[in-house]
Amino acid sequence: MRHTLLLIHGFPLDATLWAANTNALRTAANVIAPDLRGFGSHASNDVCVSMEQYAHDLHALVEERRAERVVLCGLSMGGYIAMAFVERWPHLVEGLVLCNTRSTADSEEAKAGRETTATDALQKGMGVIARAMAPKVLGQVSRQDPDRVAQVEAMIARQAPTAAAAAARGMAIRPDRTHVLRDFHLPALVITGDQDELMPLPTSQAMVDALPRGHLQVLKNAGHLSNLESPAAFNAAIHGYLAAL
Ligand code: MLT
């Protein structure tokens, strides 16, 4: 039976994050790449959206598509949501790919930073957030490419401030989910970029160490958005993982 691959985007982005992946991955799986609540084409006025709420939305989508089991692939905030999904519906998950993410909760300092991000998004607008974030999410190599920078800035700038604020607040209250990884006994893939400055390599290694059957793939010349910065290597990694499932 064909796999169903659910791609879960990061913050504050939308499903176009996966533009260079979906077609290439469709040869191996039915691909679902939704906009999360409030992002992209999805309107919402939530004040705070927890990772559990996003996972709940995705569960409804999986039911609607009548997929029996899914392979979850989440990048950064998408990874936090994937772990919340695994915790609640482990029987529906046949595979897990965690990209540029971490299983631990925010520090008190990081939580305070989330509220600043939320307030900035609401008061200053997404253009300000986009200009500040784009250089941080791209690796040193991608940062030299003006088209790449413009693509990521535009993706962030077009998101609704309310969605960014709600997601930032939701990330601040997420719990540590390392235990979810310890209890995940199926093969799992952890992907990161060697130039990811937001989630340095030890955070990926810690997840691999927690996973009973975790495998680490580090993509060269890629930063925090490894799927977009190094699509060929990313797609090959997912193909290899799906083939071995
Ligand atoms: C993301 O890319 O989703 C964010 O960097 C996640 C975070 O801020 O923790």
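Just so you know, ligand 1 is whichever comes first in the structure, and atom 1 is the first atom listed for that ligand. This one's a predicted model, so the numbers in the text were calculated from it and none came from an experiment.
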Would you mind running through ligand 1 and noting each atom that sits below 4.0 Å from a heavy atom of [X]?
X   : answer
G10 : 3 (O)
Y80 : 6 (C), 7 (C), 9 (O)
F11 : 1 (C), 2 (O), 3 (O)

Using the side-chain contact (heavy atoms from CB on, under 4.5 Å) rule, pick out the option among L228, D196, L225 that qualifies with V137.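 Of the listed residues L228, D196, L225, the side-chain contact (heavy atoms from CB on, under 4.5 Å) partner of V137 is L225.
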What do we get for R114 next to ligand 1 when only non-hydrogen atoms under 4.0 Å count, side chain, backbone, both or neither?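 The answer is the side chain.
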Tell me whether N100 contacts the main-chain N or O of H224 through its side chain, where contact means a donor paired with an acceptor under 3.5 Å.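 Side chain of N100 to backbone of H224: a pair is present.
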Taking V141 as the starting point, is it possible to reach M133 by hopping between hydrophobic residues whose side chains are less than 4.5 Å apart?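 Hydrophobic grouping puts M133 apart from V141.
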Just how far is it from atom OH of Y80 to atom CZ of R102, taken to the nearest 0.5 Å?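 That separation rounds to 5.5 Å.
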Specify the closest pair of heavy atoms between A172 and K111, including all atoms of both residues, with the distance to one decimal.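 Scanning both residues, the minimum pair turns out to be O-CE, 3.2 Å.
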For atom 1 (C) of ligand 1, find the nearest protein heavy atom and state the residue, atom name and distance (0.1 Å precision).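 Checking every protein heavy atom, the shortest distance to atom 1 (C) of ligand 1 gives S76 OG, 2.7 Å.
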Give yes or no for whether the N/O distance cutoff of 3.5 Å, strictly under, is met between M77 and ligand 1.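 Yes; at least one N/O pair falls below 3.5 Å.
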